[in-house]
Visitor: 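Here you go, one structure.
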Amino acid sequence: MSDFELLDPSGLPYGTESGAAGGPDPLLDGLNPAQERAVLSRGPALLIVAGAGSGKTRVLTHRIAHLIREREAWPSQILAITFTNKAAAEMRERIDGLLGEGAQGMWISTFHSACVRILRREAERFGYVSGFTIYDSADSRALLKRIIKELDADTYGFTPANSGSKISKLKNELSDASDYAATMNENDPRDRLFVEIFRMYEQELRRANAFDFDDLIGQTVHLFRAHPDVAAVYQRRFRHILVDEYQDTNHAQYSLIRELTRPIEPEQVEGLVPPARARELDASGRVPAASLTVVGDSDQSIYAFRGADIRNIVEFERDFPGAEVVKLEQNYRSTQNILSAANAVIGNNFDRQEKNLWTAEGDGPKITGFTGYSQHDEARFVAEEIEDLHRGGLAYSDIAVFYRTNSQTRALEELLIRSAIPYRVLGGTKFYERAEVKDAMSYLTSIANPYDPISWSRLLGAPKRGIGPMAEAHLANFQEAQGLSFHEAMLRVDEIPQIGPKLRGTVRALGELLTRAAKMAAGGGPTDVAPEPIPDSEQAEGDQEKRPAPVADLLKLVLDESEMIEKLRARRDPQDDARAENLEELLAVAREFDVKQPGAGLVAFLTEVSLVAAADDLDDQSGTVSLMTMHTAKGLEFKAVFITGVEEGLLPHQMSVDEVGGVNEERRLMYVGITRARERLFITLASTRATFGDVAVAMPSRFLQEIPEGLIDWRQSPGEVTGRGGTESRALNAVRGSGGSYSGRARGGASRGTDSSVSFAPGGGGGGRGSAAVSEPASGNMQSALDKWRERKRLAKEAQAAGGGFPNTIGGAIRDNGDLELAAGDRITHDEYGEGRVTGVTGVGSKRIAHVVFDSVGERKLLVKLAPIAKVD
DNA sequence: AATAGAACTATTTTT
DNA sequence: TAGTTCTATT
């Protein structure tokens, strides 16, 4: 069924009960004047400047619902772009709630999903096939690795990572290899080599029938520009375009919006199918431009590193003449204390428009601050406070822990596990990035796209079956020379003399498996994939209908035939059991997909998997604490929020300090973090932090000082953790003494820190004036830090060589006391807490939790499987 | 070809 | 430290 059948808004079948009929209008009721204006405004363009927590999702959904109810648009004429798939699903649900089944046929999706949808429909226009593969960053890197190797470009310092990010940046600017070649310095061999890499990369993607992430947007723009008739179809269809998080759009995304909001010129109008009706046209015979609504907050722009251009929002009024601007400043999310802190921090960004969030809700409790001696100590505080909050009646799912970098999860996870607090890490090493999951997925990808070398190459070695690099190269040469798909090349392995007789059987069997699966995936009918009929009696099991096989069946077939799970289970490494479980989990995901979207097919499944965002896994029903980076946290809110690692070098991150505008972006990140909190905000840091094997002194973040003292209640201030009071900052010194009961206990652990002769004063260098003035001392610091690091490493090596362990190492090994039986009354000993008595055991299996009263530290809950405990006889 | 151990190196955020 | 890649061995 076509999405295009509902083009004429006359005779709209629903939404007839207009708000004017008396009584409050449910779509306007409870909105403040600014929000109401944003819902009702009609014009070519509308910019909604929406401060954090100002109800923009509400405004957007109500605006869409209002358009439909007032018969100004069909659902199918609306395109709403959100930042994550989860936000899209939520928006759809809320509009459905407002209108009944009103969201049917509406496009609510991310930029990437919308573009994939368009590209799949139009791929043939420029030499792709609809079943194209979407390369994730790892796939892109794998491809680049080959190219760099082939060109010997590594000797010039090219790596898959650096060339990949450079290509990505260029693509976000809509530049291709030829554009770059036209502007580069001809005399620079590195530049010329880069162009060569870029060219080959483009070429290989095309040969593989694959797009990378950036292509999804860029190629859609390219498609629209090269084919005005195609563009006209979408320009005509989408009469109302709404874009959320507009401050984080990059040039390519901006261009896409521009293309979609162009009027259709008369010469294109002629070609429209079905023909344009008179009422669709303006006086000059054009189809007028779609109306555009964008929502954004330049203070929350945190993706400049990905090409987001803040100018898109700043210059919106110039770009779209006649635009109306509505500012939403009243906050409905957080307490005044939290907002004051947020305002104070962001106020230090001088290059912004003045804006102040306010709330009518009252001050609320103060922000809680804590400084640990190490990240371990910091994590302990977080875990204890979470337990406290939970005891106080807060659900785990109302609590989130934020950090700047994914590597900070380690210490947090360790302590949360020990405290038996259920938690979930969003993002980080995602499920689909696990090696074994990628292995299994590579079969499915290859089945859907037998021309893709990356997935094919991966599946050859998963599991190990004796096909090595040599055999792979011969096969690849053969397929290229003969112009075959990889599957066909494998079936004809007998024609490759270099491959020995033993391997031929293996290769042919694998080729047959893939061919058979591809037929099933295509519904058993003819495909562009495997024209070679296989005289194989086992074929009979495939049904002859055109129905594509369920994804789970395909996956099951692949897993069974390759014996991946069995081979993992057969190994002794306990990690391999977890890997086998991941594959079972993947099978469950596929089954779920088949139930949710019956008949959708393999390509739809692969698309969905490629485009999941970190925040999409957030499950409000899960009853777990959420751990995530502050980037992932954008758009979310929690009753209680912990912002951890608020130290110079981490937040703002060291890497950002040298970049122009880098610190300002980090400050916005801090602002985003703070404004996620509704009721309680905790800000924590550590005075020492272990960076790869080494412990370094950390200084409080400059952002801390930007928060007025009166707003933070320090349980343990940075000043108190100095050791023997070295030079302390004025600002932080001032709150000294409000430490309370924590200081005593914590000070006892001081010996664990590094030698405390180093003063723990907050970072120098203000918010950043001239970048030249800032970068010089910064690089100086980096140099000395590097020297220090080398020296420490040398000492550590010597110490290890001398047989003495390193005193500060935290035991990182994963324990498994799986078989430990405990009962009330048993006495146990714990590595850190000493001896204690078990008062009870709850939970089952690997989730068994022991309740223990320790002689020294009192009651603790421990996960039996993982806690560092042993029974005392 | 597969494995185990040694050496090396990178330390940001992500659709 | 930890993850990866290189090298030597079987």
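What you see is a predicted model; the values in this text were computed from it and never measured. Chain naming here is simple, since letters A, B, ... match the order of the sequence lines and numbering starts at 1 in each.
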Visitor: Below 6.0 angstrom between ring centroids: does that apply to A/Phe305 and A/His631?
Guide: yes
Visitor: Rounding to a whole Å, what distance do you find between A/Leu611:CG and B/dT14:P?
Guide: 16 Å
Visitor: For B/dT14, take OP1 and OP2 only and decide whether either is under 4.0 Å from a side-chain N or O of A/Thr629.
Guide: yes
Visitor: Is A/Arg676 positioned over the aromatic face of A/Phe638, cation under 6.0 angstrom from the ring centre and no more than 45 degrees off axis?
Guide: no
Visitor: By side-chain hydrogen bond (donor to acceptor under 3.5 Å, both in side chains), which residues pair with A/Tyr303, not counting sequence neighbours?
Guide: none
Visitor: In whole angstrom, give the distance that lies between atom CG of A/Leu636 and atom P of B/dT14.
Guide: 13 Å
Visitor: Can you list every stem that DNA chain B is part of, counting only runs of 3 or more consecutive Watson-Crick or G-U wobble pairs with both distances under 3.5 Å?
Guide: B:1-10 with C:1-10
Visitor: Going by side-chain hydrogen bond (donor to acceptor under 3.5 Å, both in side chains), name the residues that satisfy it together with A/Thr159, two or more places apart in sequence or in a different chain.
Guide: A/Asn162
Visitor: Choosing from B/dT12, B/dT14, C/dT5, which nucleotide comes nearest the side chain of A/Lys145?
Guide: C/dT5
Visitor: Toward the 5' end of DNA chain B, which comes first, A/Arg465 or A/Glu665, by nearest nucleotide?
Guide: A/Arg465
Visitor: Reading DNA chain B from 5' onward, which residue's closest nucleotide shows up sooner: A/Arg404 or A/Thr110?
Guide: A/Arg404
Visitor: Residues two or more places apart in sequence or in another chain: which of them pass side-chain hydrogen bond (donor to acceptor under 3.5 Å, both in side chains) with A/Ser455?
Guide: A/Asp452
Visitor: Tell me every residue that passes side-chain hydrogen bond (donor to acceptor under 3.5 Å, both in side chains) with A/Arg458, counting only those two or more places apart in sequence or in another chain.
Guide: A/Asp439
Visitor: Look at A/Asn406 and B/dT14 and indicate whether a side-chain polar atom (N or O) is within less than 4.0 Å of OP1 or OP2.
Guide: yes
Visitor: What nucleotide, of B/dT15, C/dG3, B/dT13, holds the atom closest to the side chain of A/His631?
Guide: B/dT13
Visitor: Let me know the distance between CG of A/Leu119 and C1' of B/dT15, rounded to the nearest Å.
Guide: 15 Å
Visitor: Measure from the side chain of A/Phe305, starting at C-beta and using heavy atoms only, and say which of C/dA2, B/dT14, B/dT12 lies closest.
Guide: B/dT14
Visitor: Rounded to the Å, how far apart are A/Leu669 CG and B/dT12 P?
Guide: 14 Å
Visitor: For atom P, what is the distance between B/dT13 and C/dT4, given to the nearest Å?
Guide: 15 Å
Visitor: By the salt bridge (Lys or Arg N to Asp or Glu O under 4.0 Å) test, which pairs, at least two apart or in different chains, include something from residues 141-151 of chain A?
Guide: A/Arg146-A/Glu472
Visitor: Which is true for A/Tyr303 with a 4.0 Å heavy-atom rule: it touches a base, it touches only sugar-phosphate, or it touches nothing?
Guide: sugar-phosphate
Visitor: Considering just the side-chain nitrogens and oxygens of A/Ser137, establish if one lies under 4.0 Å of OP1 or OP2 belonging to B/dT14.
Guide: no
Visitor: Does A/His112 make a side-chain donor-acceptor contact with the base of B/dT15, cut-off 3.5 Å?
Guide: yes
